[in-house]
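I have placed the structure first, in the form of structure tokens, so that the comments after it can refer back to it.
Here is the naming used below: chain letters follow the sequence lines, and residue numbers restart at 1 for every chain. These numbers come from a predicted model, not from an experiment.
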Amino acid sequence: MFHNIYQTVFNCLNSTTASLLHARQAHAHILKVGLFGERQLTTRLLSLYANNLCFTDVNLVLDSVYEPNLFSFSTLIHAFARLNYFDHVLRIFSQMLSRGLVPDGYVLPSAIKACTGLRALKAGQQVHGIASVSGLASDSIVKSSLVHMYIKCDKIQVAQTLFDSILDKDVVIWSAMVAGYSRLGHVHKAKELFLEMKDKGVEPNLVSWNGMIAGFLNCGLHPEGIMFFQMMHSEGFRPDGSTISSVLPGIGHLEDSVMGTQVHGYVIKQGLGLDKFVASALLDMYGKCARALDMSQVFDEVDQMEIGSCNAFLTGLSRNGLVDTALVVFRQFKAQGLELNVVTWTSMIASCSQNGKDLEALELFREMQTEGVEPNSITIPSLIPACGNIAALMHGKAIHCFSLRKGYFGDIYVGSALIDMYAKCGKIQLSRLCFDIMPTRNLVSWNAVMKGYAMHGKANEMIELFHMMQESNQKPDFITFTCILSACSQNGLTEEGWYYFNSMSKEHGIEPRVEHYACMVTLLSRVGKLEEAYSIIEKMPFEPDACIWGALLSSCRVHHNLTLGEIAAKKLFQLEPDNPGNYILMSNIYASKGMWGEVNRIRDVMKNMGLRKNPGYSWIQIGLEVHTLLAGDKSHPQMNQILEKLDKLNIEMKKFGYSPKTNSVLQDVEEQDKEQILCGHSEKLAVVLGLLNSSPGYPLQVIKNLRICDDCHAFIKLVSSFEGREISVRDTNRFHHFKDGVCSCGDYW
DNA sequence: CTAGGGTTAG
């Protein structure tokens, strides 16, 4: 009888088709007839429960088994390790130890594998200790597992020492070391090992090659990675999904769509397109190669519930200027119940903050948190620019605090983003503070803090920083010099400007780009050296762009230089026929010379080109003209003519509330009209305000309740140039107060 | 128990 039941239960559990149901039935039988002493049976039962992830049942059996032995525990540990339930492996392992059982060479590797999977260095070191005490640390399988564990826990040095002590190293452990160094960015060390294994007679296999390729691309050595890919191919290896998904980002980075298409063909031929890594890498590659259509075609064929592919697709759309489409698709994904992850949200936030959708970025950040998705160290620096762009200082500070709570104190990306954000919000001291307390800096951080000073026109601090930069052996790049030259230009530092401009190629091996020439042109023309500026334009090795001619033209207006103004304007009318600013500048020069016929001619040109549709236009133009008129001194030979013209304009001006006699701006204008005039034209408004402000006798004190919709930044630039002046501006949701070039921001919501 | 490699966000 007893034997019969035992045999029945055993057979039932041991069959290859044994299911959870069988286990439960057997469990009942075992309980009923008291077979718990039978280790073989209960171990088999444990194995079934473990493989079906019935954790409570496992515990139940463990607690009731008369005396589970090493084999019972081993069975469980292997089962959980195989299923990647590493936390359960460690839990069972520690139960085993607490029962006084000594692990053997079979159970240790699984325990170590669990530590590897969990990146649990401390636990791994403890298991290492146990292995040493039990005399198993020299076991080659245990040793190899430990090497893997130390590699994954970024302890490559410890791994290397252990690795060296292994006598007959197989291709697997070599490959793991190669991949380990690659992942940590030590690709040269990886290559050394790759060559060394060959010397030692171990032929690299597909995995070894894949590790090398991933390493090169991980280090930004895209051409080398692609070269290895080709070498591997020529040695007769067939790239697999892993190879492809490593090499495609490199191809995308080099924007080599021809090679990308070839690899795509290979993917189709080998049937690798269903691999989720390959699919998202393909989408990413087409996105980076500006092949949005091909990307969409690929997306139609992949698993659209796979979040990686969806993320790559969304990023690809934004990258190709289809941000609105990306947002729509994003909403569709969300509506379909797709589980959006931190990459999805971060990607959308970055797309918005990079494309002038700053409020949307902030809103997405809030939304992701309500959805329970935790932002990470990449989300934060993607969001911070959104605050800077709209000078939302309070939001910026809140996110700064958030990043500190998350422990991103020393993060170089977060730090650099904060420097930029505070500078854009007018808080140059805070910007500098963020820079000063950074534990490590890179070129981006240096450029960020210098850009802040450039924005605020602080040339002396800038030059001081540049010396600091050189002392700390950080090499400048072309952006650094754009900042320096721009600050020199704002401060009229001609000598310093020339010095740094010349030092670029002589001392730093950086050839000046068109923006550096533009800075020099701006600098010289601002200080009135218009001829010198023009000779730079003539001599520079580039075709001068609108930016350069624009700098010359606006200085010609300030210095009333008709000849050069006409030259610059002629070029600008060709380069930017739709930019009303150029016509206005030129007409102002004509106005200052009393050439009213020319002024009217330009007005007609603009009218014919439909450039006067802008509701703020008339007002702005009048403001500019009046400014020009008043900027001239009273002994201006054409003063009478000017005053006459002014009287005529007065009538029109009154309509817009501009009254020279009351020294006020927009005073008599109905609130509604102000909004109508200025809504969406904040940049032009900023220009007007700046000009009015610099007009003697027309102090701009406080402008209240102006509604600006999209560009607070223009105001910051503008206000930075004011000394001791205050302006308050309200946009859709915020209230900005500017004083001494500093913006503070209060929220209405 | 039988070891290794990959995609998408700044």
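Screening residues 403-415 of chain A for side chain to side chain donor-acceptor pair (under 3.5 Å), with sequence neighbours left out, gives A:E374-A:K406. Sorted by first and then second residue, the salt bridge (charged side-chain N to carboxylate O under 4.0 Å, His left out) pairs involving residues 165-182 of chain A (not counting sequence neighbours) form an empty list. Sorted by first then second residue, the side chain to side chain donor-acceptor pair (under 3.5 Å) pairs that include residues 211-227 of chain A, not counting sequence neighbours, are A:H222-A:H253.
The footprint of chain A on DNA chain B, defined by a heavy-atom cutoff below 4.0 Å, extends from B:dC1 to B:dG10.
Within 4.0 Å (heavy atoms only), A:D411 reaches at least one base atom of the nucleic acid. A:I244 comes within 4.0 angstrom of nothing in the nucleic acid, heavy atoms only. Base engagement by A:G308 is indicated by at least one non-hydrogen atom pair under 4.0 Å involving a base atom. Backbone-only contact: A:S347 has heavy atoms under 4.0 Å from sugar-phosphate atoms and none from a base. Base contact: A:V278 has a heavy atom under 4.0 Å from a base atom. Nucleic acid contact class of A:P249 (heavy atoms, under 4.0 Å, all strands): sugar-phosphate only. If you check every strand for non-hydrogen atoms under 4.0 Å, A:K152 touches sugar and phosphate atoms only. Among the protein residues, A:I213 comes within range of no part of the nucleic acid, since none of its heavy atoms lies under 4.0 Å from any strand.
For the contact set between residues 144-151 of chain A and DNA chain B, defined by any heavy atom under 4.0 Å, the members are A:S144, A:H148. Taken residue by residue, residues 180-192 of chain A places no heavy atom nearer than 4.0 Å to DNA chain B. For the segment residues 329-343 of chain A, residues with any heavy atom less than 4.0 angstrom from an atom of DNA chain B are, sorted by number, A:V343. For DNA chain B, the neighbouring residues in residues 73-88 of chain A, judged by any heavy atom under 4.0 Å, are A:H78.
Note that CE of A:M149 is 10.5 Å distant from NZ of A:K155, once rounded to the nearest 0.5 Å.
For A:F365 and A:F402, the ring centers sit closer than 6.0 Å to each other. Remark: aromatic rings of A:H128 and A:Y150 are close, center separation under 6.0 Å. Proximity of the aromatic rings of A:F194 and A:W209 is defined here by a centroid distance below 6.0 angstrom, and this criterion is met.
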For residues 171-182 of chain A, dump all side-chain donor-acceptor pairs below 3.5 Å to protein atoms at least two apart in sequence or in another chain.
unit_1: A:S175; atom_1: OG; unit_2: A:V171; atom_2: O; d: 2.7
unit_1: A:S175; atom_1: OG; unit_2: A:S208; atom_2: OG; d: 3.0
unit_1: A:Y181; atom_1: OH; unit_2: A:Q160; atom_2: OE1; d: 2.6
unit_1: A:S182; atom_1: OG; unit_2: A:V178; atom_2: O; d: 3.1
unit_1: A:S182; atom_1: OG; unit_2: A:G211; atom_2: O; d: 3.1

Give every donor-acceptor pair under 3.5 Å between a side-chain atom in residues 86-93 of chain A and any protein atom, sequence neighbours left out.
unit_1: A:H88; atom_1: ND1; unit_2: A:R91; atom_2: NH2; d: 2.9
unit_1: A:R91; atom_1: NH1; unit_2: A:N59; atom_2: OD1; d: 3.3

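Ion pairing of A:D303 with A:K276 is absent here, as no side-chain N (NZ or NE/NH1/NH2) approaches a carboxylate O to less than 4.0 Å. Salt-bridge annotation for A:D284 and A:K288: present, with a side-chain N of the basic residue lying under 4.0 Å from a carboxylate O of the acidic one.
Proximity of A:M96 to A:V107: side-chain heavy atoms (C-beta onward) are separated by under 4.5 Å at one or more points. Side-chain contact between A:L340 and A:V373: absent, with no pair of heavy atoms (C-beta onward) separated by less than 4.5 Å.
A:Q304 places a side-chain N or O within 3.5 Å of a backbone atom of A:F299 that can act as its donor or acceptor partner.
Among residues two or more places apart in sequence or in another chain, the side chain to side chain contact (heavy atoms under 4.5 Å, CB included) test is passed with A:T370 by A:R366, A:E367. Looking at residues two or more places apart in sequence or on another chain, you find a side chain to side chain donor-acceptor pair (under 3.5 Å) between A:D294 and A:R291.
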